[in-house]
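Data block below; observations after.
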Amino acid sequence: MKQSDNTRKPVFQSTRFMLPTSHYDRKKADRAVSFIQSLKHTKGIWSGKPFILFPWQEQIIRDVFGTIKATGYRQFNTAFVEICKKAGKSELAAAVALYMLCADHEEGAEIYGCANDRQQASIVFDVARDMVIQSPFLSERIRIIESQKRLVYMPTRSIYQALSSDVASKYGYNVHACIFDELLGQSNRKLYETMTQGSGAARKQPLNFVITTAGSDRTSICFEVHQKALDILQGRKADPTFYPVVYSAPDDADWTDPQVWIKANPSLGKTVDLEYYEQRCSSAKENPAEEIQFRQFHLCQWTNTSVRWMPMDKWDACGDTYCSDDLIGLPCYAGLDLSSTSDLTALVLVFPPEEADGSFRILPYFWLPKDTLQLRVRRDHVMYDVWEKEGFINTTEGNVVHYGFIEKFIRELGERFNIREIAYDRWNASMMVQALEDDGFTMVPFGQGFRDMSNPTKDLMRLVLEKSLRHDRNPVLRWNIDNVFIRTDPAGNLKIDKEKSTEKVDGAVALVMALDRALKNTNSGSSVYDERGLLVL
């Protein structure tokens with residue numbers, strides 16, 4: 001890919017947000033652009049090449065650094081840049097951080113990189129560090145303290161420091177610039193307010209440079225700032241210190257249209273290939289969860305975090321005719337979701353393929369308390385009674401699920417099948433876990449958060465779409481799968497959303513846990529996503 005030569009097409013400062021008393025200082029704007037374009041890229045095929053700004057990047061730099069008040073200081077104290085992933089915003093933020101550190105004529109400047117955690121904050125820091133290493137001029141003047149994620153510009157005793165989220169409760173920072181990466185990841189407003197409100201009061205022209213992709217939580221600080229940016233852009237509000245940039249596809253646009261994609265990513269075809277978008281779009285057409293991710297991360301649209309997940313025609317296509325007797329003696333892995341003692345409990349066995357090109361096969365089992373079965377049929381309008389008569393649901397005596405009965409059932413399964421491991425939700429499981437361990441079963445605790453659930457949830461969808469998973473058409477499991485809503489986090493991880501999934505999903509949860517153990521023990525402890533990364537970057 002060849003980068004555009006923007007030096008032949010100068011971008012002039014917009015007058016849209018200028019105060020009547022402000023003016024455009026071409027010399028100051030040129031100085032900022034020249035400094036940044038003296039830096040070099042640090043990643044992939046761009047590594048070592050001059051950082052020639054794209055038109056949209058140059059517009060931001062000229063507007064922010066060239067719009068000057070009558071006092072001679074910059075008009076804008078906050079620049080909010082909302083744009084999709086892989087557009088080049090991290091590189092731009094790193095370049096701005098270095099300019100504020102070395103070239104803004106500020107003695108003892110304090111530049112801070114903030115994000116949801118220090119690892120995220122380190123993304124921009126690492127780019128800035130590598131830019132320094134590639135610059136003979138800067139590397140002679142900047143000391144890199146890797147252990148502290150700190151750069152020290154020695155001529156002015158200025159620092160650039162990546163911060164962890166625990167600074168939200170601390171004060172005393174004299175901020176000259178705050179580089180805020182992925183504001184959508186903030187769970188609350190504390191860190192943002194600590195670093196942007198009043199912490200730079202002693203500076204004449206502090207700058208908060210905020211970069212983010214669209215989020216999903218409309219109660220978050222990110223959505224609040226996003227809405228402020230839209231209000232300013234559309235003339236509903238005025239804040240002469242706030243510079244808004246929002247690249248996003250319209251909500252009602254055809255998300256599969258390449259002409260729409262460019263509205264959210266003005267760097268499409270430069271920092272990321274059109275082919276990548278085409279592949280992600282094609283995959284998203286088959287998977288509602290991926291559609292949400294595609295819209296959020298690649299079209300920069302604010303989405304709902306939860307989406308109904310499984311295309312049931314694809315699930316039904318994986319139905320097969322086999323029974324438990326066909327699997328006797330074969331190795332398998334189990335997932336156990338006990339839920340509450342008065343609710344649906346599920347155990348799912350996953351049998352890895354016997355041949356390299358074979359399919360995973362599953363056996364599900366469900367339990368409900370017998371005394372409340374008819375009450376549940378009337379209350380939930382679910383045919384539990386029919387499923388019990390057909391043998392798809394087991395019942396235990398009393399008005400709560402009898403865990404002792406389930407333990408006995410699992411012991412009997414262990415005599416028929418080679419159960420290698422049982423993954424379980426830690427909640428309310430300690431007594432049963434101890435009893436099963438005493439019986440010789442290997443019990444593996446399994447978290448219900450994004451960290452543990454994301455990869456096997458994605459793997460389950462992949463196997464269904466590839467028809468590499470077979471099921472025996474159990475109607476209870478089908479009902480559970482159809483009930484699943486998926487929640488996504490800012491990093492593109494997935495998990496079953498038990499709150500949004502108002503109907504039962506216990507069998508789906510147990511299946512995901514069992515599949516995780518089966519995959520990790522048949523693929524040398526790895527998921528396909530460990531090898532190739534997430535589908536959405």
Going by distance alone, is a donor N or O of one side chain under 3.5 Å from an acceptor N or O of the other, for [X] and [Y]?
{"X": "Glu82", "Y": "Trp302", "answer": "yes"}
{"X": "Lys89", "Y": "Thr213", "answer": "yes"}
{"X": "Asn265", "Y": "Tyr247", "answer": "no"}
{"X": "Glu110", "Y": "Asn174", "answer": "no"}

Between [atom1] of [X] and [atom2] of [Y], what distance do you get to the nearest 0.5 Å?
{"X": "His226", "Y": "Ile221", "atom1": "NE2", "atom2": "CD1", "answer": "13.0 Å"}
{"X": "Ser158", "Y": "Glu106", "atom1": "OG", "atom2": "CD", "answer": "7.5 Å"}
{"X": "Gln75", "Y": "Gln205", "atom1": "CD", "atom2": "CD", "answer": "12.5 Å"}
{"X": "Glu140", "Y": "Leu138", "atom1": "CD", "atom2": "CG", "answer": "9.5 Å"}
{"X": "Cys114", "Y": "Leu183", "atom1": "SG", "atom2": "CG", "answer": "10.5 Å"}
{"X": "Asp130", "Y": "Ser135", "atom1": "CG", "atom2": "OG", "answer": "12.5 Å"}

Where is the tightest heavy-atom contact between [X] and [Y], given as atom of each residue plus distance?
{"X": "Gln120", "Y": "Ala115", "answer": "CG-CB, 3.3 Å"}
{"X": "Asn493", "Y": "Gln293", "answer": "N-NE2, 4.3 Å"}
{"X": "Ala93", "Y": "Ile211", "answer": "CB-CD1, 3.7 Å"}
{"X": "Leu163", "Y": "Tyr112", "answer": "CD1-CD2, 3.5 Å"}
{"X": "Ile36", "Y": "Ala95", "answer": "CG2-CB, 3.7 Å"}
{"X": "Gly215", "Y": "Gln296", "answer": "CA-NE2, 3.6 Å"}

Is there a side-chain contact between [X] and [Y] in this structure, where contact means two heavy atoms from C-beta onward sitting under 4.5 Å apart?
{"X": "Ile232", "Y": "Tyr243", "answer": "no"}
{"X": "Phe294", "Y": "Leu299", "answer": "yes"}
{"X": "Val175", "Y": "Pro206", "answer": "no"}
{"X": "Arg150", "Y": "Tyr160", "answer": "no"}
{"X": "Phe17", "Y": "Pro244", "answer": "yes"}
{"X": "Tyr277", "Y": "Pro258", "answer": "no"}
{"X": "Arg143", "Y": "Leu151", "answer": "no"}
{"X": "Val152", "Y": "Ile142", "answer": "no"}

Side-chain ion pair, [X] and [Y], N-O less than 4.0 Å:
{"X": "Arg129", "Y": "Asp126", "value": "yes"}
{"X": "Glu290", "Y": "Lys285", "value": "no"}
{"X": "Arg157", "Y": "Glu107", "value": "yes"}
{"X": "Glu182", "Y": "Lys85", "value": "yes"}

Could you check whether any side-chain N or O of [X] sits under 3.5 Å from a backbone N or O of [Y], counting only pairs where one atom can act as donor and the other as acceptor?
{"X": "Gln301", "Y": "Pro250", "answer": "yes"}
{"X": "Thr522", "Y": "Ala518", "answer": "yes"}
{"X": "Arg141", "Y": "Phe137", "answer": "yes"}
{"X": "Ser248", "Y": "Cys300", "answer": "yes"}
{"X": "Gln227", "Y": "Cys222", "answer": "no"}
{"X": "Ser282", "Y": "Glu278", "answer": "no"}
{"X": "Thr212", "Y": "Leu184", "answer": "yes"}
{"X": "Asp25", "Y": "Lys27", "answer": "yes"}
{"X": "Ser122", "Y": "Phe125", "answer": "no"}
{"X": "Thr42", "Y": "Val127", "answer": "no"}

Q. Which is it for Glu91 and Lys43 under the salt bridge (Lys or Arg N to Asp or Glu O under 4.0 Å) test, yes or no, and what are the steps along the way?
A. CA-CA 9 Å; Glu91 289 77 8; Lys43 304 292 184 183; over 6 Å; no
Is it the case that the ring center of [Y] lies less than 6.0 angstrom away from the ring center of [X]?
{"X": "Trp261", "Y": "His298", "value": "no"}
{"X": "Trp309", "Y": "Phe485", "value": "no"}
{"X": "Phe180", "Y": "Phe209", "value": "no"}

Pair Ile292, Ile486 - check side-chain contact (heavy atoms from CB on, under 4.5 Å), show working. CA-CA 10 Å; Ile292 293 299; Ile486 289 294; over 6 Å; no
**Asked** Does Arg295 count as lying over the ring of Phe297, i.e. NZ or CZ under 6.0 Å from the six-ring centre, within 45 degrees of the axis?
**Response** no
query = Honestly, is Lys495 close enough over Phe450, meaning NZ or CZ under 6.0 Å from the six-membered ring centre and within 45° of the axis?
reply = yes
Taking everything shown except Gln234 itself, do over 12 heavy atoms lie less than 6.0 Å from its CD? yes
Taking atom NZ of Lys69 as the centre, does the number of heavy atoms from other residues, nucleotides or ligands within less than 6.0 Å exceed 12? yes
Partners meeting salt bridge (charged side-chain N to carboxylate O under 4.0 Å, His left out) with [X] (sequence neighbours left out):
{"X": "Asp104", "result": "Arg74"}
{"X": "Arg189", "result": "Glu193, Glu224"}
{"X": "Asp30", "result": "Arg26, Arg62"}

So Val96 and Val64, side-chain contact (heavy atoms from CB on, under 4.5 Å) or not? Walk me through it.
CA-CA 10 Å; Val96 169; Val64 170; over 6 Å; no
Given side-chain contact (heavy atoms from CB on, under 4.5 Å), test Leu207 with His176 step by step and report yes or no. CA-CA 6 Å; Leu207 177 64; His176 180 54; over 6 Å; no
Applying the side chain to side chain contact (heavy atoms under 4.5 Å, CB included) criterion to Thr457, which one of Val512, Asp516, Leu515 satisfies it?
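The residue from Val512, Asp516, Leu515 that satisfies side chain to side chain contact (heavy atoms under 4.5 Å, CB included) with Thr457 turns out to be Val512.
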Only residue of Val509, Asp452, Asp337, Asp425 satisfying side chain to side chain contact (heavy atoms under 4.5 Å, CB included) with Phe446 is Asp452
Under 30°, 30 to 60°, or over 60°: which ring-plane class applies to His41 and Phe51, parallel, tilted or perpendicular?
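Correct class here is tilted.
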| request: Fit a plane to each ring of Trp46 and Phe54, take the angle between them on a 0 to 90° scale, and name the class: parallel (under 30°), tilted (30 to 60°) or perpendicular (over 60°). | output: perpendicular
